[in-house]
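Starting from 1, each residue takes its place in the sequence as its number.
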Amino acid sequence: MVRRVVSLYPTVIQRARPAWGAIYHGSNTRPAFVAMRATLGPQVRRVLARRMLALDPSLVISVHPLLNHITIAAMRAAKRRWPFATVVTDLTHLHRGWACVGSDLVVTPTEQARDALLRRGLDPDRIVVEGLPIGLGFRPPEEGEKEQVRQQLGLRADVPTLLLTSGGDGSGDLLGQVRRLSWRRRPWQVIVVCGRNARLRKRLARLHFATPTLVMGFVDNMPELMRAADLVIGKAGPGAIGESLASGLPMIVTSYLPGQETPNVRFVEEAGVGVYAPHPDKLLDTVWRLLQEHPDELRLMSEAARRMARPGASLRIARTCLDLCYSAASQVRR
């Protein structure tokens with residue numbers, strides 16, 4: 001049953017986003033969260049307990065809000081207690097599932113996330129702000145690297161470049177956005193990443209745009225694509241925002257998943273690292289303003305992104321979790 005629910009995620013976010021928002025907010029009340037744990041928890045708890053007993057790990061790490069309390073329950077079922085760390089992967093307003101008092105360590109990406117957990121009653125001594133865990137390859141380009149990567153992609157080195165993404169499942173109105181930005185001749189070029197949305201990729205590949213447009217599917221070179229770009233356009237997922245910040249790129253947010261991503265739009269705008277343009281016409285006006293009319297605004301947003309970035313967050317998180325592991329091991333020895 002749990003696998004079935006998880007498998008529905010791509011379909012829901014593409015076709016019924018309001019339904020996902022209702023699920024998120026509905027599960028974020030205490031009675032609903034308790035009921036959900038009682039319904040789905042037992043089968044997951046049994047699997048986790050068996051797995052942890054078989055592996056006997058030195059450390060258990062959770063990166064999903066619905067697994068924290070169940071993991072603690074699985075340890076009780078296994079009659080063992082392993083060091084347990086929670087790594088929060090949402091930016092500001094958090095689902096109550098993240099607030100697990102049984103966690104020995106909780107790593108958050110922002111001070112806002114830390115404050116949200118404190119309001120839920122977590123021990124401040126167990127909360128550490130380290131940034132969002134993203135790939136270490138995300139960084140600003142070195143001198144001349146932007147132009148070099150563009151040439152490797154078959155693009156012009158001297159033309160402003162837009163990077164359009166919409167998550168790994170290619171949700172959102174990418175088709176409408178690309179048409180608005182590329183159908184007529186524009187003073188920029190476009191990279192479109194469709195993710196696992198093969199149908200959209202094929203449809204875009206059949207079109208002939210007046211503006212140079214590179215259409216790609218699911219990629220494993222997103223850090224390089226970001227180093228080729230001047231501006232990222234996509235939905236307000238925490239990973240996409242973190243990767244843009246680490247790359248020193250301003251962001252135009254075109255959509256968000258109701259629920260956990262809703263506050264991210266405000267986070268981007270208040271930090272001065274991006275703007276919200278939910279409709280293709282507004283998107284075109286915003287791109288034109290930033291690239292053609294007010295390039296200083298784009299530069300200031302890029303500088304703000306670099307100031308907010310937490311480079312090397314993944315390494316710091318790993319080190320913090322290892323410290324917990326070593327501390328637990330030393331206590332056992334004593």
Side-chain angles (χ1 to χ4, degrees), residues 10 13-15 17 134-135 137-138 141 146-237 239-244 247 249-257 261 268 274-292 298:
I13 66 171
Q14 290 184 28
R15 301 181 184 178
R17 290 190 169 204
I134 60 173
F138 291 96
K146 184 185 294 287
E147 293 76 15
Q148 180 182 0
V149 175
R150 289 175 182 172
Q151 289 176 335
Q152 291 172 349
L153 294 170
L155 300 172
R156 286 185 54 179
D158 59 343
V159 175
T161 303
L162 310 177
L163 175 61
L164 271 70
T165 70
S166 195
D169 294 300
S171 59
D173 186 21
L174 268 180
L175 177 61
Q177 295 163 15
V178 177
R179 279 178 167 169
R180 202 72 182 95
L181 294 171
S182 299
W183 194 254
R184 297 181 180 180
R185 182 65 184 175
R186 308 292 186 188
W188 52 69
Q189 55 194 359
V190 178
I191 303 171
V192 187
V193 180
C194 300
R196 285 178 284 266
N197 195 334
R199 182 179 179 182
L200 175 62
R201 181 187 180 187
K202 291 178 181 178
R203 187 172 182 181
L204 288 173
R206 288 195 298 265
L207 300 177
H208 298 282
F209 297 105
T211 294
T213 301
L214 175 62
V215 179
M216 309 180 76
F218 191 86
V219 301
D220 58 6
N221 64 333
M222 189 60 78
E224 288 76 18
L225 297 181
M226 286 201 171
R227 286 198 285 275
D230 297 293
L231 187 59
V232 173
I233 301 170
K235 77 184 192 75
I241 294 172
E243 291 165 0
S244 298
S247 302
L249 285 175
M251 187 175 190
I252 299 179
V253 175
T254 56
S255 63
Y256 57 88
L257 188 61
E261 291 181 2
V268 166
V275 293
Y276 180 48
H279 305 294
D281 286 341
K282 185 174 181 180
L283 172 62
L284 176 61
D285 292 342
T286 303
V287 171
W288 188 271
R289 184 184 84 238
L290 293 176
L291 291 182
Q292 298 297 311
L298 186 71

> Where do R185 and A210 come nearest, in terms of heavy atoms and distance?
Replying inline: NH1-O, 3.1 Å
>> The test is side-chain contact (heavy atoms from CB on, under 4.5 Å); show your working for R180 and R186 and say whether it passes.
In response: CA-CA 10 Å; R180 202 72 182 95; R186 308 292 186 188; 3.6 Å; yes
> Does a side-chain heavy-atom distance below 4.5 Å link L284 with R184?
Replying inline: no
> Can you list every pair that meets side-chain hydrogen bond (donor to acceptor under 3.5 Å, both in side chains) and has a residue in residues 153-162, with sequence neighbours left out?
Replying inline: R150-T161, R156-D158, T161-Q189
> If you take all heavy atoms of A229 and K146, which pair is closest and at what distance?
Replying inline: O-NZ, 2.6 Å
>> Once you measure the plane-to-plane angle for W288 and W188, does it fall in the parallel (<30°), tilted (30-60°) or perpendicular (>60°) bin?
In response: perpendicular
>> Please report the interatomic distance CD1(I233) to OG(S255), rounded to the nearest 0.5 Å.
In response: 11.5 Å
>> Working to the nearest 0.5 angstrom, can you tell me the gap between L231 CG and L163 CG?
In response: 9.0 Å
>> Show the nearest heavy-atom pair for residues I252 and L283, with the distance to one decimal.
In response: CG2-CD1, 3.7 Å
> Any idea which heavy atoms bring Q177 and P280 closest together, and the distance?
Replying inline: N-CG, 4.4 Å
> Looking only at heavy atoms, what is the nearest atom pair of P141 and S247, with distance?
Replying inline: CD-O, 4.3 Å
> Do the non-hydrogen side-chain atoms of L174 and L164 ever get within less than 4.5 Å of each other?
Replying inline: yes
> Quick one: CG on L249 to CG on L298, what's the gap to the nearest 0.5 Å?
Replying inline: 9.0 Å
>> Is there a side-chain contact (heavy atoms from CB on, under 4.5 Å) between V178 and L207? Walk through the geometry before answering.
In response: CA-CA 10 Å; V178 177; L207 300 177; over 6 Å; no
Run the side-chain donor-acceptor check on residues 215-224: report pairs under 3.5 Å with partners two or more places apart or on a different chain.
from: E224; atom 1: OE2; to: R227; atom 2: NH2; distance (Å): 3.4

>> Could you walk me through whether I191 and L155 satisfy the side-chain contact (heavy atoms from CB on, under 4.5 Å) test, starting with their C-alpha distance in whole Å, then the side-chain angles of each, then the deciding distance to 0.1 Å, before giving a yes or no?
In response: CA-CA 9 Å; I191 303 171; L155 300 172; 3.7 Å; yes
> Going by the side-chain hydrogen bond (donor to acceptor under 3.5 Å, both in side chains) test, which pairs reach into residues 201-210, not counting sequence neighbours?
Replying inline: none
> Any side-chain heavy atom of L204 within less than 4.5 Å of one from C194?
Replying inline: yes
>> Checking L153 against L225 for the side-chain contact (heavy atoms from CB on, under 4.5 Å) test, could you report, in this order, the C-alpha distance in whole Å, the side-chain angles of both residues, the deciding distance, and whether it holds?
In response: CA-CA 9 Å; L153 294 170; L225 297 181; 3.7 Å; yes
> If you take all heavy atoms of A236 and V253, which pair is closest and at what distance?
Replying inline: CB-CG1, 3.7 Å
